[in-house]
Amino acid sequence: MKKLVLLVGIILTIYSCQEQESKTDISIIPKPLKIEVTKQSFSINKNTAIVFQHGDDGFEKAALYLKDEILKNLNLDLKVTTTENYSGNNSVVLDQEEDAGIGLEGYLLDVSKKNVSITAQTPNGVFYGVQTLLQLLSNDIPEKENQFGNVVKGVKIYDKPRFEWRGMHLDVCRHFYDKEFVKRYIDLLAMHKMNTFHWHLTEDQGWRIEIKKYPKLTEVGSFRDETVIGKNSGKFDGIPHSGFYSQEDIKEIVQYASDRFITIVPEIEMPGHSLAALAAYPEYGCAGGPYKVAKTWGVFEDVYCAGNDKTFEFLENVLAEVVQLFPGKYIHIGGDECPKKQWEVCSKCQKRIKDEGLENEFELQSYFIRRVEKYLLANDKKLIGWDEILEGGLAPEATVMSWRGTEGGIKSAKMGHYVVMSPNDECYFDHYQGEPESEPFAIGGFTSLEDVYKYEPIPKELSEAEAKYILGAQANVWTEYIVTEEHLEYMILPRMCALSEVVWTDSESKNYESFLKSLSTHLKRLERKSYNYRPI
Ligand code: ACM
Ligand code: ZN
């Protein structure tokens, strides 16, 4: 009870001190809901203990993560113990408070001379408090080899996210990125309090996930002989491109993400964008092949046959393994950019249309997605797909990712379906972020740092009740023209920092000028971790 009174006290004091916020020189991205600067400060030394809520694995995970970060960045090997076994001072306490009133991902952080306390209802919340603490330790980057200073400035912070889906996508198919880089990418998500990694694993140009039942998916589908130069110039580089993740790799990455409170949403594309799978198993295409893994970019007419029951058997077998590997509730099934030309001339597809009483090929696509949704629901998963899955009728429980602008998202929310906003104008990080003449070659478009920052995920067309269906937002990173890790980091940084405030920070607390000020400190943090970014 005493603790609760103290917490309420902290919250009230923080609310009453909002005015002070603008005067602080504390740079935390994404910006917390409320910060009060105090005169207290805490110094970490070799005797500081990290103390976590006794008996909770999640709190222990957050404590071990903090220990590891302090070891890496401050070269101090701190003791980790539980609240039951430690009552002294000189500690960072990760504590649970069921009634803290800060939601499932919120936290309170309080710095005194004797301790730092991070209090949350859940391990997730405490982990975000830990992220804030790490940023406090690297607020003034010292001019020595350690990445962190050891002094935590006096603050009381009350913080919680605005949205529950705070995501980044990565296309590892157009160009493959290895396991170590994927972890580095996940580290960036964690640092920015993002919680969803959308992993685009299959495409026309490459299949990147091992499926034990269908070994040719990776034996054949993960290779292409060469890649077109530039935008389908007709000239090729003559360099074979390949790569895939074994199921062991996937398990390792899923665990790595889970240790950072990040859920992975795997994407297995269907019915279009599937040439690599068809190159391996041509019997599941309308025309029967032969097919080749694509070496040019774009949208291809060869897609899965929707009239063949064996296609669904194949996809269900693939999904059976995917479902086992990824513990999150969502499976992304793509659904975008599926040309209907093959279906129009395929006798099996036409028979399906007739037998099922469908109007046209758009309804056939809807039949396809609904059938896959049934399978996923039976396996305790939820289907999410790009906004084309609205065409021909949305599957009953589908969640929609709105990429062709916001229209699909608006329509879905009005129909009572959950939505993730990812409109291409503001959330496509493969777009140019400056004048094309002075930027690396990109797919096109223009999405500046400011465009991202000022993006508002709740469309004004929605009522308050409909707005509840907007789960959040994410940015997409398609890699047709992004070949190196340095280039990929350049494309996402600092736009991802801006996105983190879009999805975390309350809209009233957002301010582009103050974001830029914090960003100048934040970029030094990224630099110390050797991330490449576009200078501001
Ligand atoms: C997409 O960009 N085709 C989802
Ligand atoms: Zn067909």
Side-chain angles (χ1 to χ4, degrees), residues 167-171 173-174 198-205 265 267-275 277-278 281-289 291 294 297-315 332-356 358 360-365 367-369 371 384-391 399-409 419-431 442-445 447 473-482:
M168 285 292 292
H169 149 288
L170 180 62
D171 165 15
C173 301
R174 270 53 177 266
H198 172 173
W199 202 2
H200 185 78
L201 286 164
T202 74
E203 254 305 336
D204 298 308
Q205 294 84 3
V265 177
E267 181 176 355
I268 306 296
E269 272 267 15
M270 61 190 80
H273 284 295
S274 300
L275 252 183
L278 293 177
Y281 295 95
E283 58 269 40
Y284 306 124
C286 290
Y291 305 101
W297 313 124
V299 172
F300 298 86
E301 281 169 13
D302 291 318
V303 301
Y304 288 121
C305 179
N308 183 354
D309 283 333
K310 292 258 184 302
T311 304
F312 293 96
E313 200 181 299
F314 164 75
L315 287 170
H332 201 301
I333 54 73
D336 59 319
E337 300 179 321
C338 177
K340 312 292 186 291
K341 213 163 157 181
Q342 299 277 345
W343 291 356
E344 284 165 13
V345 296
C346 169
S347 56
K348 288 200 190 97
C349 285
Q350 289 304 312
K351 181 169 186 308
R352 177 85 72 200
I353 288 180
K354 205 156 149 258
D355 291 352
E356 295 291 328
L358 307 173
N360 53 31
E361 287 70 25
F362 287 98
E363 291 198 0
L364 183 58
Q365 153 126 348
Y367 166 88
F368 198 113
I369 305 295
R371 190 160 163 175
I384 182 165
W386 301 108
D387 58 57
E388 284 92 332
I389 65 172
L390 279 154
E391 294 166 6
T399 297
V400 173
M401 195 166 264
S402 189
W403 74 278
R404 296 176 300 173
T406 56
E407 247 170 73
V419 171
V420 175
M421 296 305 269
S422 195
N424 46 11
D425 280 348
E426 293 93 351
C427 293
Y428 269 47
F429 289 0
D430 54 342
H431 285 174
I443 196 162
T447 300
Q474 74 171 40
N476 301 328
V477 189
W478 303 103
T479 57
E480 286 94 333
Y481 307 104
I482 306 175

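All residue numbers refer to positions in the sequence shown, counting from 1. Order of appearance sets the numbers: ligands from 1, and atoms from 1 within every ligand.
At the Zn ion (ligand 2), the vertex angle linking SG of Cys349 with SG of Cys286 is 110° (nearest 10 degrees).
Counting non-hydrogen atoms of neighbouring residues, nucleotides and ligands closer than 6.0 angstrom, the CZ atom of Phe362 reaches no more than 12 such neighbours. The local environment of CD in Glu407 is sparse, with at most 12 non-hydrogen atoms from other residues, nucleotides or ligands closer than 6.0 Å.
For His198 and Trp386, the distance between ring centers is under 6.0 angstrom.
Using a 4.0 Å heavy-atom criterion, the residues that approach ligand 1 are Asp336, Glu337, Trp386, Trp403, Tyr428, Trp478.
At a threshold of 4.5 Å between non-hydrogen side-chain atoms, the residues Ile389 and Val400 count as touching. Between Glu267 and Leu201, every side-chain heavy-atom pair lies at or beyond the 4.5 Å cut-off.
For Trp403 and Gln474, the side-chain atoms include no donor-acceptor pair closer than 3.5 Å.
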